[in-house]
Amino acid sequence: MQNITVLRIGHRVKRDQRISTHVALTARALGASAIIFTGEQDDNLISSINKVVEKWGGSFKSYFSNSWREVISEAKSRGDYVVHLTMYGANLPDVLGEIKENFKHRDLLVIVGGAKVPAEIYGLADINVAITNQPHSEVAALAIFLRDLLGEKMYYQSFPGAKIIVNPSRFGKALKINKGKHQ
Ligand code: SAM
């Protein structure tokens, strides 16, 4: 399967810690393999995401870049398909087929905004996609996008090397603690 990287632009250390963490955790849990942040460098953000990966497994990567322009241009030169999630875009059900077609043979870069999205991004993206044309949240937009793109397999991913695994139970909390060698 192709890879999905999320580009979250405009992180602010004081105001966005929680929401940027939620964007990253959503990206990881729902099928992306990496997140790149731009905006204000925030080592605490990266280390809290890394702690989740260490405990819950998988190989999700997170890091900062100085330039969203550079991230997008490198993605484009690799041939990745660049999707910008914005309320102004084409509504997802109308373009999902086209995105799935590209995702068969190209990695995806999925851009989500923060407080202010530079106008240039709309032109650089291969496609601007709305999850309804109403304003809501980058976490909700990313979650619905990944669910619609990946379908039910999104629910059944494996996270190798996990120290903790949830034993799904309709009656309460059941965990498996993996004390042995992590594979
Ligand atoms: N005012 C900002 C702007 O210039 O677009 C939007 C701020 S919104 C809180 C943050 C991000 O959530 C947006 O950049 C976009 O990625 C995502 N978002 C919000 N509503 C959306 C929608 N209806 N469809 C797709 N993405 C959406």
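These values consider heavy atoms only, across backbone and side chains, with no hydrogens, waters or symmetry-generated copies. Read the numbers this way: they start at 1 and go in the same order the structure lists the ligands and their atoms.
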note = salt bridge (charged side-chain N to carboxylate O under 4.0 Å, His left out) pairs touching residues 25-45, sequence neighbours excluded, are none
ask   = When you look at OH of Y88, are more than 12 heavy atoms from neighbouring residues, nucleotides or ligands closer to it than 6.0 Å?
value = no
Check each N or O atom of ligand 1 against all protein N or O atoms and list the pairs under 3.5 Å, with atom names and distances to 0.1 Å, one per line.
| unit_1 | atom_1 | unit_2 | atom_2 | d |
| --- | --- | --- | --- | --- |
| ligand 1 | 12 (O) | E138 | N | 3.1 |
| ligand 1 | 14 (O) | G113 | N | 3.1 |
| ligand 1 | 16 (O) | L85 | O | 2.6 |
| ligand 1 | 16 (O) | G113 | N | 3.0 |
| ligand 1 | 20 (N) | H136 | N | 3.1 |
| ligand 1 | 23 (N) | I131 | O | 3.3 |
| ligand 1 | 23 (N) | T132 | O | 2.9 |
| ligand 1 | 23 (N) | Q134 | O | 2.6 |
| ligand 1 | 23 (N) | H136 | NE2 | 3.2 |
| ligand 1 | 24 (N) | I131 | N | 2.9 |
| ligand 1 | 26 (N) | T86 | N | 3.4 |

ask   = Got a sec: does the CZ of R12 have more than 12 other heavy atoms crowding it under 6.0 Å?
value = yes
request  = Flag yes if more than 12 heavy atoms outside N167 fall under 6.0 Å of its CG atom; otherwise flag no.
outcome  = yes
request  = Please indicate whether R78 has more than 12 foreign heavy atoms, meaning atoms of other residues, nucleotides or ligands, lying under 6.0 Å from its CZ.
outcome  = yes
query = Can you name the nearest heavy-atom pair linking F103 to Q2, along with the distance?
reply = O-CG, 2.7 Å
